[in-house]
Participant: 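Would you mind keeping the following structure in view while I ask a few things?
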Amino acid sequence: MPRHLLVNARLATLRGGRYSIVEKGAMAVDGGKIEWVGPMAELDPRLRGDDELDAHGALVTPGLVDCHTHLVFAGNRAREFEMRLAGATYEEIARAGGGIVSTMKATRAASEAQLAEESGRRLDALIEGGVTTVEIKSGYGLDLESELKCLRVARSLEQPRAVSIRTTLLGAHTVPPEYRGRSDEYVSFVCEQLIPAAAKAGLADAVDAFCEGIGFSPQQTRRVFEAARTHGLRVKLHADQLSNLGGAALAAEFGALSADHLEHTDEAGVQALRRSGTVAVLLPGAFYFLRETKLPPVESLRRHGVPMDVATDCNPGTSPLTSLATAMNMACTLFRLTPEEALAGTTIHAANALGLEDRGVLEAGKRADYLIWDAEDPAELAWTIAGRRPTRIITPGAH
Ligand code: NIG
Ligand code: FE
């Protein structure tokens, strides 16, 4: 990325998690980093030069961060969508051997090239919507080779694109058929073989689990977290999505980066998140697609000052969504976030949920990931339903 100066921009810097607008702003970029941000009137004349990018008064924001996706998978689940609309529940389909296991079968059968091709298309859609950093989970392989394959594919998607990818090992997503009725043994496999192998290969940045009646119990989740800790990996959790098993408090106890979903989290869970500094990731796409009615405790999270993120949860079963702006709109309409909270939840706080302190805010010293929008008001980004796209994406590229 060449040294350049952005001028005449309406900068939504997101400093402090607010819009923190700089009117008639300028931003100097050097070596892929922001060197200076402020009003044009205060610009050091020595920073001016030939390499100026004129925003003509348009809105500029940090690049968006999608901090929770399962976008590496093969096939689709349209048939299950039809079954659910005809009356079957998500849990019933899962218990009957469908759900995650049906995607697991398609994913195990796919070659790495095939998987990269299908998944790359979903990633490209996110990027077109302004996502410059994305987290991708495994969890549709559920055996040693297939889980590592999914993580390798996820990592490989970064190279040809101007995007940063963080990978999360979600071996504890569901019990695969070969371990049916032996979930504790499957957890032992995750702890004793899968986590060590992924850590040794350097393929995972974090470890996640699905703590739920149709997933893993709190005790099993605890074992997974202990193994992650032994291998120096941070944790995050699919917590309290369909019922309250105390997932948020468990995640907090292990100093999780984030606790995700949280529809059934109670007051004690919110307080635990606050104490541990764990970010709350809200996934309105899954709430919408499963036609859930139990709302996450947004008012309580706000009152306790727990940072709230918004992510797509892009996956075939509960959220086939590839627009983060649409997720922002849903977070506002369904969960009553303000458009400002939704934007903070897809920039500065979302970066924190990935343990990344170097992005998500337009500030000197941060990465120069930024977006120019055909918009004036930052609330416009969450206002449209069909996912608005930036007119320009400026990013130093991978890593
Ligand atoms: O985030 N809850 C578990 N995992 C995914 C759904 C996975 C699937 O149904 O394929 C989720 O909602
Ligand atoms: Fe998820």
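Remember, it's 1-based here, ligands and their atoms both numbered in the order they're listed. The structure presented is a predicted model; accordingly, all values stated were derived computationally and were not measured.
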Participant: Side chains of Ser164 and Glu158: do they bring a donor and an acceptor to under 3.5 Å?
Facilitator: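 On atom types as modelled, these side chains do not qualify, holding no pair under 3.5 Å.
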
Participant: Compute whether any side-chain donor of one residue and acceptor of the other, for Thr168 and Asp208, lie under 3.5 angstrom apart.
Facilitator: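 Checked: Thr168/Asp208 side chains show no N/O donor-acceptor pair below 3.5 Å.
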
Participant: Would one find an N or O of Thr103, backbone or side chain, under 3.5 Å from an N or O of ligand 1?
Facilitator: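 In this structure, Thr103 places no N or O atom under 3.5 Å from an N or O of ligand 1.
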
Participant: Can any side-chain N or O of Glu128 pair as donor or acceptor with the backbone N or O of Ala125 at less than 3.5 Å?
Facilitator: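 No, Glu128 side chain to Ala125 backbone: no donor-acceptor pair under 3.5 Å.
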
Participant: Taking the N/O/S atoms of Asp313 one by one, which is nearest to the Fe ion (ligand 2)?
Facilitator: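 Closest to the Fe ion (ligand 2) among those atoms: OD1.
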
Participant: For ligand 1, note which part of His261 has a heavy atom under 4.0 Å away: side chain, backbone, both or neither.
Facilitator: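 It is the side chain that gets close, since no backbone atom is under 4.0 Å.
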
Participant: Tell me, please, if His261 has any N/O/S atom, main chain or side chain, under 2.8 Å from the Fe ion (ligand 2)?
Facilitator: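 False for His261.
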
Participant: Salt bridge or not between Arg367 and Glu357? Use side-chain N to carboxylate O under 4.0 Å.
Facilitator: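 So Arg367 does not pair with Glu357 through a salt bridge.
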
Participant: Would you mind running through ligand 1 and noting each atom that sits below 4.0 Å from a heavy atom of Thr318?
Facilitator: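 So the atoms of ligand 1 that pass are 6 (C), 9 (O), 11 (C), 12 (O).
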
Participant: Hey, does the side chain of Glu363 reach the backbone of Thr13 with a donor-acceptor pair shorter than 3.5 angstrom?
Facilitator: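 Judged by distance alone, no pair lies under 3.5 Å.
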
Participant: Between NE2 of His238 and NE2 of His70, what angle is found at the Fe ion (ligand 2), rounded to 10 degrees?
Facilitator: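 Approximately 100° at the metal, rounded to tens of degrees.
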
Participant: Between Glu117 and Arg121, does any NZ, NE, NH1 or NH2 come within less than 4.0 Å of an OD or OE carboxylate oxygen?
Facilitator: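 Result for this pair is yes, salt bridge flagged.
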
Participant: Suppose I only count heavy atoms of Tyr140 and a 4.0 Å limit; which atoms of ligand 1 are within that range?
Facilitator: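 In order of number, 7 (C), 8 (C), 10 (O).
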
Participant: Between the candidates His173, Met104, Gln241, which shows the shortest non-hydrogen contact distance to atom 4 (N) of ligand 1?
Facilitator: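 Checking each option, the heavy atom nearest atom 4 (N) of ligand 1 is found in His173.
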
Participant: If I take atom CD from residue Gln241 and atom CG from residue Leu283, how far apart are they, to the nearest 0.5 angstrom?
Facilitator: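 Between atom CD of Gln241 and atom CG of Leu283 there are 7.5 Å.
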
Participant: Taking atom 6 (C) of ligand 1 as the point of reference, which of Phe73, Tyr90, Phe210 owns the nearest heavy atom?
Facilitator: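 Nearest heavy atom to atom 6 (C) of ligand 1 lies in Tyr90.
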
